[in-house]
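Comments concern the structure below.
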Amino acid sequence: MKNTKLKKDIMKIAREASATEFTICCGTLFVKFNSSIDQKLAYNLNTTLQTFFDKRKKNDCYVKMSEVGTTEFAYDFTPIVDFRMEGIL
């Protein structure tokens, strides 16, 4: 992720979502929660990140959450590509 302001904004959102450890590697945000409600916190962070990207530019990025371990989650930021070919019959 080359945009350092975007990276800082994502890290700030993770911190505010009660993540205890977080890092961005190869465009994926890895987050750990030390809580008994870590699943709830993970889904909340997913919704918050998607809302953040939607406010920046509608339909630009899809945030996909994956469970990596018992308390660790990964968030992939996938660009939304429009494959429609306008003008071609």
Side-chain angles (χ1 to χ4, degrees):
M1 191 172 282
K2 295 179 182 180
N3 188 336
T4 55
K5 181 181 178 346
L6 179 60
K7 187 175 180 178
K8 286 180 183 179
D9 288 343
I10 291 170
M11 301 285 254
K12 180 181 176 194
I13 292 169
R15 185 178 308 109
E16 290 173 352
S18 302
T20 54
E21 296 177 36
F22 43 89
T23 186
I24 295 178
C25 180
C26 300
T28 301
L29 172 67
F30 294 95
V31 175
K32 270 192 174 182
F33 296 100
N34 289 338
S35 174
S36 60
I37 57 168
D38 58 350
Q39 287 279 347
K40 178 95 171 139
L41 293 171
Y43 284 110
N44 183 43
L45 177 57
N46 188 42
T47 303
T48 305
L49 287 169
Q50 187 64 61
T51 303
F52 169 75
F53 279 104
D54 286 345
K55 285 183 180 178
R56 289 184 71 227
K57 185 176 178 187
K58 192 74 173 164
N59 294 326
D60 182 48
C61 179
Y62 173 71
V63 181
K64 180 183 175 203
M65 182 184 83
S66 304
E67 193 169 344
V68 179
T70 55
T71 60
E72 189 171 358
F73 300 86
Y75 298 87
D76 291 311
F77 309 107
T78 308
I80 297 174
V81 179
D82 187 2
F83 290 107
R84 291 178 290 186
M85 301 175 83
E86 294 181 18
I88 297 177
L89 298 174

task = Could you please spell out the steps behind the side chain to side chain contact (heavy atoms under 4.5 Å, CB included) verdict for F77 and L49?
result = CA-CA 9 Å; F77 309 107; L49 287 169; 4.2 Å; yes
ask   = Considering only heavy atoms from C-beta outward, does the side chain of Y75 approach that of I24 to under 4.5 Å?
value =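 Of all side-chain heavy-atom pairs linking I24 with Y75, none is under 4.5 Å.
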Student check: side-chain heavy atoms of F33 and L45 closer than 4.5 Å =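 The answer is yes; the side chains approach within 4.5 Å.
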Partner residues of [X] under the side chain to side chain contact (heavy atoms under 4.5 Å, CB included) criterion, sequence neighbours left out:
{"X": "T47", "answer": "T51"}
{"X": "K12", "answer": "R15, E16"}
{"X": "T23", "answer": "F30"}
{"X": "N34", "answer": "T20"}

message = As an exercise, state the distance from CZ of F53 to CG of D9, rounded to the nearest 0.5 Å.
response =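 Interatomic distance, F53 CZ to D9 CG, rounded to 0.5 Å: 9.0 Å.
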Nearest-0.5 Å distance that lies between atom CG in L41 and atom CG in N46 =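 CG of N46 is found 12.5 Å from CG of L41.
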task = Check side-chain hydrogen bond (donor to acceptor under 3.5 Å, both in side chains) between D76 and all other residues, then give those that pass, not counting sequence neighbours.
result =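 Once residues adjacent in sequence are excluded, the partners of D76 under the side-chain hydrogen bond (donor to acceptor under 3.5 Å, both in side chains) criterion are T28.
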task = Under the salt bridge (charged side-chain N to carboxylate O under 4.0 Å, His left out) rule, collect the residues that match up with D54, sequence neighbours excluded.
result =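 D54 satisfies salt bridge (charged side-chain N to carboxylate O under 4.0 Å, His left out) with no other residue.
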Using distance only, find each side-chain donor-acceptor pair of residues 60-70 under 3.5 Å and give its atom names and separation, not counting sequence neighbours.
{"unit_1": "E67", "atom_1": "OE1", "unit_2": "Q39", "atom_2": "NE2", "d": "2.9"}
{"unit_1": "E67", "atom_1": "OE2", "unit_2": "Q39", "atom_2": "NE2", "d": "3.3"}

